[in-house]
Asker: 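Attaching a single structure in structure tokens format; questions to follow.
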Amino acid sequence: MDKGERNNIEYQRIKKLSELDLDYRNLQEEFQSLVELAAHIAGTNISLINLIDNHSQWTVSSYSFELFEIDREESICQYTIQSENAMEVQHLDKDTRFKDKPYVKEDGFKYYLGFPLMVETGESIGALCVIDYQEKNISEEKKKLLRLVADEIVKKLENKMKLDVLQDQLDRAIVQRNQIAHDVRGPIGGILGLALSAENETLEQSEYDLYLEMIKSSAAKLLDLTDDILERQKEQLKEDYFTLSEFKKHLEDLYALPALNKKIDFAVVFNKEKNHYSFPRKKLLPIAGNIIANAIKFTEPEGRIAVNLDIIAAKDNVSLLIEVKDNGKGIPKEKLQNLRKTGVLSERGTNDEKGYGLGLQLVIEMVDSIKGMLTIQSEENKGTTVKITIPIGSH
């Protein structure tokens, strides 16, 4: 297999992971029972669900060990995802690939068994692994059970994506329902006002009193119904939308620690005056995450990365601005000119991080898919600024 084929396979893999559009910080509880089950079946101290993107391994759910993000090239599971079969290492402390890693030398990991998390289209987006501080002898029967647990994890992840598609369809239906609620609210309010006015007049027949009371009661119930429709719409959309402050917190939760590990000054700021805007979170985390991860890779220790989040309100539309600025290695002029054409930047990072050179290609594709715009300004040895604007609606 040549380099081009390998790059295409890897690109499809990280693209599939990005399409799942996962918030890595919010998956622990959802998969807790499955990682506990895996540890119980294997009889191991530790069980982890690891997802592997372009630069990092993210532990999204764990049993008995706290681990969130490590560089991809430092991980064991990066080898697991290269095969359809399970990977077993009886002696991590004797394996030249792992014996000098902190989780072996400092944490004392000795035994590893990992199963690739392969989605229905064939890409391995990560691994379920069980780990122990002692040698283990896990039977083939138990390995089959662990494979079933891994398959269940994949099903849950894919179902989340399918539900997102259904949610998009539901959102469009809700918009129509929402419009109906607004349309009927005015006339119903008029009926209620008329009934209240008539109630204060002197009426000759007692039947009119009963009739007016019925009108008033019916109108009030309809108003309550429209209020309920509107309130449920807000609650359903809340989890799928960000404000600037919420987006800032998610980015800090995900990338502050990787930056700190490299002694990089990492800061996310936002326009507080525009925090009343809300916008769909769809694709925002993989878009911003790939850009930030790339900045961390190409910024020297003691360097700086500044992320600016803002809302740009023009005459006819409103856009989200994501700006990531670093003072890292920068991109050579000739590579910058060809970047949109190839989308590949495969140089090693400032700490000799391997990287896979496909993150920008993926970002460009995702930004284009939501009708956004991406610009890159860079100067070699001085740094890079990436600006992304994404339309989020109109005034």
Side-chain angles (χ1 to χ4, degrees), residues 13 16-53 56-70 75-78 80-81 83-89 103 107-121 123-134 136-167 235-236 238-240 249-250 253-254 257 281 285-286:
R13 194 193 68 75
K16 180 60 65 173
L17 177 58
S18 295
E19 286 174 352
L20 293 175
D21 201 14
L22 301 169
D23 184 348
Y24 299 145
R25 278 290 187 188
N26 291 332
L27 298 177
Q28 170 68 27
E29 185 175 342
E30 185 170 351
F31 290 92
Q32 185 66 46
S33 61
L34 290 174
V35 288
E36 288 186 15
L37 177 60
H40 178 74
I41 291 171
T44 55
N45 302 113
I46 298 164
S47 176
L48 308 170
I49 298 174
N50 294 323
L51 301 180
I52 300 176
D53 66 15
S56 300
Q57 172 182 285
W58 303 90
T59 300
V60 298
S61 192
S62 62
Y63 172 74
S64 190
F65 192 83
E66 288 190 11
L67 179 67
F68 184 54
E69 186 271 350
I70 62 172
S75 74
I76 308 173
C77 290
Q78 67 160 325
T80 303
I81 65 172
S83 171
E84 296 181 6
N85 303 315
M87 173 177 160
E88 187 174 29
V89 183
Y103 46 77
D107 296 318
F109 289 5
K110 191 175 188 70
Y111 173 85
Y112 170 93
L113 175 63
F115 297 82
L117 299 177
M118 186 176 293
V119 297
E120 60 185 357
T121 50
E123 298 86 2
S124 293
I125 59 172
L128 165 69
C129 66
V130 292
I131 298 169
D132 206 89
Y133 302 112
Q134 305 294 330
K136 300 294 293 185
N137 184 15
I138 298 177
S139 68
E140 289 302 316
E141 183 180 352
K142 288 186 176 180
K143 288 177 182 177
K144 288 179 181 179
L145 291 175
L146 289 168
R147 165 51 67 189
L148 291 175
V149 175
D151 291 344
E152 184 62 25
I153 291 167
V154 172
K155 287 177 185 177
K156 289 193 72 170
L157 289 170
E158 291 190 310
N159 284 339
K160 284 175 69 70
M161 182 175 69
K162 291 173 183 176
L163 285 173
D164 285 342
V165 173
L166 291 175
Q167 185 65 50
E235 290 300 318
Q236 287 171 336
K238 187 176 180 181
E239 291 186 0
D240 296 322
K249 185 178 186 307
H250 275 70
D253 286 346
L254 291 169
L257 185 57
R281 55 151 286 175
L285 290 177

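Keep in mind that this is a model prediction, so the values were computed, not measured.
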Asker: I need the Asn26 CG to His250 NE2 distance, nearest 0.5 Å.
Answerer: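 Answer for the CG-NE2 pair, Asn26 versus His250, is 5.0 Å.
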Asker: What's the spacing between Leu146 CG and Leu113 CG if we round to 0.5 Å?
Answerer: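 So the gap between those two atoms works out to 6.0 Å.
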Asker: With rounding to the nearest 0.5 Å, note down the distance linking CD1 in Ile125 to CD1 in Ile52.
Answerer: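 Between atom CD1 of Ile125 and atom CD1 of Ile52 there are 10.0 Å.
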Asker: Any salt bridge linking Lys16 with Glu19? Criterion: basic side-chain nitrogen under 4.0 Å from a carboxylate oxygen.
Answerer: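 Salt bridge between Lys16 and Glu19, a charged N being under 4.0 Å from a carboxylate O: yes.
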Asker: Run the side-chain contact (heavy atoms from CB on, under 4.5 Å) test on Met87 and Ile76 for me, step by step, so that the C-alpha distance in whole Å, both residues' side-chain angles and the decisive distance to 0.1 Å come before the verdict.
Answerer: CA-CA 9 Å; Met87 173 177 160; Ile76 308 173; 4.0 Å; yes
Asker: Run through Asn50, Val35, Leu27, Leu157 and flag the one making a side chain to side chain contact (heavy atoms under 4.5 Å, CB included) with Val60.
Answerer: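 Exactly one pass, corresponding to Leu27.
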Asker: Which heavy-atom pair separates Ala38 from Val130 by the least distance, and what is that distance?
Answerer: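 Here Ala38 and Val130 meet closest at O-CG1, 3.9 Å.
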Asker: Taking the side chain as everything from C-beta on, heavy atoms only, tell me whether Pro116 gets closer than 4.5 Å to Glu84.
Answerer: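 Side chain of Pro116 against side chain of Glu84, heavy atoms only: no contact under 4.5 Å found.
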Asker: Are Leu117 and Ile49 packed together at the side-chain level, in the sense that at least one heavy-atom pair is separated by less than 4.5 angstrom?
Answerer: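 Contact flag for Leu117/Ile49 side chains = yes.
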Asker: With heavy-atom distances below 4.5 Å as the criterion, would you say the side chains of Leu254 and Arg25 are in contact?
Answerer: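 In short, these two side chains touch, coming nearer than 4.5 Å.
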Asker: Would you please test His40 and Glu36 for side-chain contact (heavy atoms from CB on, under 4.5 Å) and show each step?
Answerer: CA-CA 6 Å; His40 178 74; Glu36 288 186 15; over 6 Å; no
Asker: If we only count heavy atoms from C-beta on, is the Tyr112 to Cys77 side-chain gap below 4.5 Å?
Answerer: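 Sidechains of Cys77 and Tyr112: in contact.
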Asker: How close do Glu158 and Glu120 get, heavy atom to heavy atom, and via which atoms?
Answerer: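 Residues Glu158 and Glu120, closest heavy atoms: OE2-N, 3.0 Å.
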Asker: Restricting to non-hydrogen atoms, name the atom on Phe68 and the atom on Asp253 that form the minimum distance, rounded to 0.1 Å.
Answerer: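 Closest approach of Phe68 to Asp253: CE2-O, 3.9 Å.
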Asker: Would Arg281 and Asp23 count as a side-chain contact (heavy atoms from CB on, under 4.5 Å) if you check the C-alpha gap in whole Å, the side-chain angles of each, and the deciding distance to 0.1 Å?
Answerer: CA-CA 10 Å; Arg281 55 151 286 175; Asp23 184 348; 3.7 Å; yes
Asker: Using every non-hydrogen atom in the two residues, find where Lys136 and Ala42 come nearest and quote the distance to one decimal.
Answerer: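 The answer is CE-O, 3.9 Å.
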Asker: For Leu34 and Val149, which heavy atoms make the closest approach, and how far apart are they?
Answerer: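 Reported closest heavy-atom pair: O-CG1, 3.7 Å.
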Asker: Quick one, Asp21 and Pro286 - any side-chain contact, counting heavy atoms below 4.5 Å?
Answerer: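 When only atoms from C-beta onward are counted, Pro286 and Asp21 do touch, with a gap below 4.5 Å.
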Asker: Nearest 0.5 Å, please: how far is OG in Ser75 from OH in Tyr103?
Answerer: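 So the OH of Tyr103 and the OG of Ser75 are separated by 6.5 Å.
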Asker: Does Asp151 pair with Arg147 as a salt bridge, N-O distance under 4.0 Å?
Answerer: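 Answer for the salt bridge query: yes.
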Asker: Distance-only, no hydrogens or angles: does the Ser47 side chain make a donor-acceptor pair with backbone N or O of Tyr63 under 3.5 Å?
Answerer: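 Here the side-chain-to-backbone pair does not exist.
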Asker: Nearest 0.5 Å, what's the OG1-OH distance between Thr59 and Tyr24?
Answerer: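 If we round to the nearest 0.5 Å, Thr59:OG1 and Tyr24:OH are 11.5 Å apart.
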Asker: Does atom NZ of Lys143 have more than 12 heavy-atom neighbours from other groups under 6.0 Å away?
Answerer: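 For Lys143, atom NZ is crowded (more than 12 foreign heavy atoms under 6.0 Å).
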Asker: So, taking the atom named OG1 in Thr44 and the one named NZ in Lys110, what distance separates them when rounded to the nearest 0.5 Å?
Answerer: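 Answer rounded to 0.5 Å: 15.5 Å.
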Asker: Atom CZ of residue position Phe31 - does it have more than 12 heavy atoms of other residues, nucleotides or ligands inside 6.0 Å?
Answerer: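 Yes - once you tally the heavy atoms of other residues, nucleotides and ligands closer than 6.0 Å, there are more than 12.
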Asker: Under the 3.5 angstrom rule, does the side chain of Ser83 hit a backbone N or O of Asn85 as a donor-acceptor pair?
Answerer: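 Indeed, once roles are kept as given, a pair shorter than 3.5 Å links the two residues.
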Asker: Of the non-hydrogen atoms in Ser64 and Asn45, which two are nearest, and what is the gap between them?
Answerer: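 It is CB-O, 3.1 Å.
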Asker: Should we count NZ of Lys144 as having more than 12 external heavy atoms under 6.0 Å?
Answerer: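 Counting neighbours around NZ of Lys144, 12 or fewer heavy atoms of other residues, nucleotides or ligands fall under 6.0 Å, so no.
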Asker: Verify the ring-centre separation between Phe65 and Phe109: is it less than 6.0 angstrom?
Answerer: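 When the ring centroids of Phe109 and Phe65 are compared, they turn out to be within the sub-6.0 Å range.
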Asker: Show the numbers, then the answer: is there a side-chain contact (heavy atoms from CB on, under 4.5 Å) between Ile81 and Arg13?
Answerer: CA-CA 10 Å; Ile81 65 172; Arg13 194 193 68 75; 3.8 Å; yes
Asker: One pair to check against side-chain hydrogen bond (donor to acceptor under 3.5 Å, both in side chains): Ser139 and Glu141. What are the steps and the verdict?
Answerer: CA-CA 5 Å; Ser139 68; Glu141 183 180 352; 5.2 Å; no
